[in-house]
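Below is one structure; the comments refer to it alone.
Note that these values count all heavy atoms, side chains included, but never hydrogens, waters or copies made by symmetry. It should be emphasised that the depicted structure is a prediction, and the values quoted were computed from it without experimental measurement. In listed order, ligands and their atoms are each counted from 1.
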Amino acid sequence: MKTNARAVIIGGGAIGVSIAYHLAKYGWKDVVLVEKHELTSGSTWMAAGNVSFFHPSFYCTQVNMKSIEIFKQLEQETGQPAGWHTTGSIRTADNKDRMDELGYYYSMNRCLGLDVSYVTPKEMGELHPMMNTDGLLGGLYWPDDGDVDPNSMTQAMAKGARKYGAELNLHTRVTGIEQTPSGEWLVKTDKGDITCEFVVNAAGLWAPEVSKMVGLEIPSIAIAHTHIMYEKIDAVVDRDKMLPLVRDPDRSIYLRQEMDSLILGMYEANGQQWKKNGVPWDYAQQELNPDIDNIADCIEAGMERFPILGDTGFKHVTAGPITYTPNGDPLVGPAAPLKNFFQACGYSFGITQAGGIGHYLAGWIMNGEPEIDLWHVDSRRFGSHANWAYNTQKIADVYPRLYSIFFPNEFRDAARPNRTSPIYEHQKAANAVFGDYYGWECPNYFPPEGKDSYETPSWRRSNAFEHVGNECRHAMNKVGIIDLTRFAKTRISGPGAMDWLNHMTCQNIPKRDGAIALCPMLDVNGNFKSDMTVTRVNENDFFCVTASVGKKHDQHWLLSNLPDDGSVQMDDLTYKMGCLVLVGPDSRKVLEKIAYGDVGNDVFKFSTSREVYVGRTKCRINRMNYVGELGFEIFHPIEQQLTVFENLMAAGEQFDIKMIGMHAMDSMRLEKGYLAWKSEMNAHHTPFETNVAWTVKLDKEFIGKAGILKQKEQGIPRKLVCLVVDAKDSDPWGYNPILKDGKQIGMSSSGGYGHRVEKSIALGYVAPEFAAVGTTMDIEILGRARSATVEAMPLYDPKNERMKS
Ligand SMILES: Cc1cc2nc3c(=O)[nH]c(=O)nc-3n(C[C@H](O)[C@H](O)[C@H](O)COP(=O)(O)OP(=O)(O)OC[C@H]3O[C@@H](n4cnc5c(N)ncnc54)[C@H](O)[C@@H]3O)c2cc1C
């Protein structure tokens, strides 16, 4: 076994082998994989092997697309059969909400050019003659889906990995991981140590234990999953064509052909967590005892949908452990706060995603950035609240609902609350309907008492619509208060702070104390990395605010670029400071009543920051906001939030101050054309494509400059536009195809209804020739084309007179 390597991959399941294969294929010579038993001996060997394009996320769909492309050519490349079959797949719907959900997938998949079509119950019956289509409203059909033999596919990639020079060591267990003073990793195994630059944790069921070796706790636990292989079925044998995979999500089952019979899989109501205290190291290639009673409902549902199953005996019942994270998606990419340690674990559909993630993660490790935006699976999307116990509670809700309808506005109650602002009880008393954002309870809207205290999840305008509208109008006409305590806040200080920040962002760091600047951070290619607002406190002290959900991601990026000469210090202030935002034309009047000091427009100008006493509390107030009204972001010591809040509410009483939620804020930011991180600002777009091109200062050096200069030379491939849409009762959500004369010219990045302008809005990227104001086009919403027109951005208060008033 090598004692030095560029990268060590821990785990020889489908995921680890794919990463080793791709790293070696793309040119890294010293790639070493260590597997404690045989390849595939964790979850991989037991998998059913269903592989489809289907995924709720636009980017994960691309991972699946890549997998299928890879699986199809593996045999030709390696000489080893991978067991791929193209069978097609059907996803059924037996209710209107499910049809809406399928409409989202249909439109989103069309953005990717996938072959997908609606099918009627009759057509589904023709595609799968053993299916009873009673009660179905329709479905979607993907002709290019299929299945793969998990073991053959992994072995084929292993053969490929070896062919390209990777070393695969079996029966070698990693027992510890240390970082040397020079920053290299020392991976200790029971066969000796390996020094390397990069470590990838692809240890599947054991990934939490491997994470502990480097001091990390990850939210991944094991649940037993069951599928049943039936006895030989003559009707299957007699066919000359393979049957498509069928997923009947309303019954929580899937069915596919396996040789001369069928496999029925299920996500039962009462999923059983396995080995709560960690999976023993010596577990390998063992099935679990199936709990037939627990899956009886699903077996029955299978017989109803596929009556032939009622006449066929079980050949084998496979129960095996699968890893689950709090939202069922894996943990991939750089592990914060470490350097060169990557996660590739927590996979519950790891066969489907193995090929694709091997390709994309290899690129991420080798180039420093992923080829596509992988935030949806980024291990840093979970805050520190997402620990093992949290995950245990969350999974009890998530597992049985793996096939439930995906809604964009659903916030489940399980494992909540976690983080609450000190004013939480006040919010509850004001009838807040909360959402969960990075573990923070944050009000989405405030209905009147006894009305709509639960937002009915929907792809259409929900019962929150009217209340959200009221809040937007209140912010427009009076004064509101928004709790943004969840903002990520970082203090950057020291003699090198200013120069370093200037290197981290394309924008000029303010030169005057008290000035604020919107400072996007870019990746090495010039695309958006993070959305940061920097306030200069003094020449050596900067207060930086970024999106709450991106906290770990953004702070990891800052930390990994921090100079090691001690000239710059970084302090996380997120949990030390709250933020309450006063917005609306009366906001200054409210503040004036309790602020010590002048907060008038002459001394406290728009886009500046001051220390102001709000009542007795010394606060840092930034005169800006995300909704486009006169407003003040009031940052304060978290332990004094109740005092600040109560003072503001008392002062605001005569102005009819009201609390305002996240839904209203999002609606108002669309009207102002303010970009949202990971919607408009992601790894596929540069500032030049957007309305914040003015933040790019090319007369200085910064990360991403070469990439952005290249784009300047070549011209932008697309441009951000604001579309006003002729929507009916469903507004664009993002990932809607934008079409001109039936041809796709772009895609929405986000959307919703603007209550102040009374218009349905989509923000989206289109080819530049279609970006002119007045250009008409169509946007597809839930599978239907709606007409849309490009309008000048922003739709609301284009001269920013209200904010600057
Ligand atoms: C019954 C069943 C049906 C399934 N059906 C499907 C399906 O149809 N489609 C689909 O996409 N997915 C399916 N899955 C899920 C799929 O099997 C997993 O998501 C996937 O196999 C995960 O692969 P992995 O490489 O991440 O983990 P694993 O396969 O668990 O591999 C991890 C490897 O790491 C090794 N390892 C761990 N710790 C160490 C250490 N310290 N040192 C060295 N080696 C170590 C282990 O021995 C193991 O081989 C199914 C799973 C089950 C159980």
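- Heavy atoms of Trp281 come nearer than 4.0 angstrom to ligand 1 in at least one pair.
- Scanning the protein heavy atoms around atom 2 (C) of ligand 1, the nearest turns out to be His225 CD2, 3.6 Å.
- Counting non-hydrogen atoms of other residues, nucleotides and ligands closer than 6.0 Å to NZ of Lys72 gives a total above 12.
- Nearest heavy atom pair, residue Ala235 against residue Arg239, reads O-CG, 3.4 Å.
- Enclosure of atom CE in Met1 by more than 12 non-hydrogen atoms of other residues, nucleotides or ligands within 6.0 angstrom is indicated.
- Near Thr352, meaning under 4.0 Å from any of its heavy atoms, are these atoms of ligand 1: 9 (N), 10 (C), 11 (O).
- Residue-level proximity to ligand 1 for Pro150 is absent, since no heavy atom of it falls below 4.0 angstrom.
- Short contacts between ligand 1 and Ser41, defined as distances under 4.0 Å to a heavy atom of the residue, involve ligand atoms 47 (O), 49 (O).
- The protein non-hydrogen atom at the shortest distance from atom 13 (C) of ligand 1 is Ala47 CB, 3.7 Å.
- No more than 12 heavy atoms of other residues, nucleotides or ligands shown are found within 6.0 angstrom of CD on Gln76.
- Ligand 1 lies less than 4.0 angstrom from a heavy atom belonging to Gly49.
- Taking distance alone, with nitrogen or oxygen atoms compared against 3.5 Å, Ile322 stays at or beyond that limit from ligand 1.
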(request) In sequence, state the C-alpha distance, the side-chain angles, and the governing distance for His171 and Glu38, and then conclude on side-chain hydrogen bond (donor to acceptor under 3.5 Å, both in side chains). (result) CA-CA 7 Å; His171 300 280; Glu38 298 286 340; 2.8 Å; yes
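- Using cut-offs of 30° and 60° on the angle between ring planes, the pair Tyr399 and Tyr267 is perpendicular.
- Checking each of Val32, Ile15, Leu23 against Ile9 for a side chain to side chain contact (heavy atoms under 4.5 Å, CB included) leaves exactly one that passes, namely Leu23.
- When each atom of ligand 1 is checked for a heavy atom of Ala203 under 4.0 Å away, the hits are 32 (C), 34 (O), 37 (C), 38 (N).
- Looking at ligand 1, you'll find an N or O of Ala14 within less than 3.5 Å of one of its N or O atoms.
- Of all the heavy atoms of Trp206, the ones lying under 4.0 Å from any atom of ligand 1 belong exclusively to the side chain.
- Atom 43 (C) of ligand 1 has Lys36 N, 3.2 Å as its closest protein atom, hydrogens excluded (heavy atom only).
- By the 3.5 Å distance cut-off applied to N or O atoms, Ile10 is not counted among the residues near ligand 1.
- Phe198 pairs in a ring-ring contact (aromatic ring centres under 6.0 Å, His included) with only one of the listed residues (Trp364, Trp28, Trp185), which is Trp28.
- Among the atoms of Ala319, none of the N or O lies under 3.5 angstrom from an N or O of ligand 1.
- In terms of protein heavy-atom proximity, atom 10 (C) of ligand 1 is nearest to Ile351 CB, 3.5 Å.
- Every atom of ligand 1 with a heavy atom of Gly320 under 4.0 Å away is listed here by number and element: 53 (C).
- Contact annotation for His227 and ligand 1: only side-chain heavy atoms (C-beta onward) come within less than 4.0 Å of the ligand.
- In this pair, Phe71 and Trp84 present their aromatic rings tilted. The plane angle is within the 30 to 60° band.
- Closest to atom 26 (O) of ligand 1 among all protein heavy atoms lies Ile15 CG1, 3.3 Å.
- The minimum heavy-atom distance between Cys298 and Met266, with the atom names listed, is CB-CB, 3.5 Å.
- The shortest N or O to N or O distance between Ala344 and ligand 1 is not below 3.5 Å.
- Residues His227 and Tyr254 have side chains that never bring a donor and an acceptor to within less than 3.5 angstrom of each other.
- Looking at Glu38 next to ligand 1, no N or O pair under 3.5 Å apart turns up.
- Of the options Asp145, Asp147, Asn64, Thr352, a side chain to side chain contact (heavy atoms under 4.5 Å, CB included) to Val51 is made by Thr352 and by none of the others.
- Checking only distances, Thr226 never comes within under 3.5 Å of ligand 1, N or O to N or O.
- Lys275 NZ: 12 or fewer foreign heavy atoms inside a 6.0 Å radius.
- Here's the thing with Val174: one of its N/O atoms is less than 3.5 angstrom from an N/O atom of ligand 1.
- Within a 6.0 Å sphere centred on NZ of Lys232, other residues, nucleotides and ligands contribute 12 heavy atoms or fewer.
- Ranking the protein heavy atoms by distance from atom 34 (O) of ligand 1 puts Gly11 CA, 3.1 Å first.
- Taking the ring centroids of His22 and Tyr360, they lie at or beyond the 6.0 Å cut-off.
- Atoms of ligand 1 lying under 4.0 Å from any heavy atom of Ala202, numbered from 1 in the order shown and given with element: 32 (C), 34 (O).
- For atom 21 (O) of ligand 1, the closest non-hydrogen atom on the protein side is Thr44 OG1, 2.9 Å.
- Counting protein heavy atoms only, atom 49 (O) of ligand 1 is closest to Glu35 OE1, 2.6 Å.
- For Lys315 and Glu258, the salt-bridge test fails: no basic side-chain N is under 4.0 Å from an acidic carboxylate O.
- Put simply, part of Pro321 is less than 4.0 Å from ligand 1, judged by heavy atoms.
- Residue contacts with ligand 1 for Thr172 involve N, CA, C or O but no side-chain atom from C-beta outward (heavy atoms, distance under 4.0 Å).
- Arg247 and Ser52 are linked by a side-chain donor-acceptor pair at a separation below 3.5 angstrom, with hydrogens and angles left out of the test.
- Taking only nitrogen or oxygen atoms, main chain and side chain alike, Ser43 reaches within less than 3.5 Å of ligand 1.
- Set against the non-hydrogen atoms of Gly12, the atoms of ligand 1 under 4.0 Å away are 33 (C), 34 (O).
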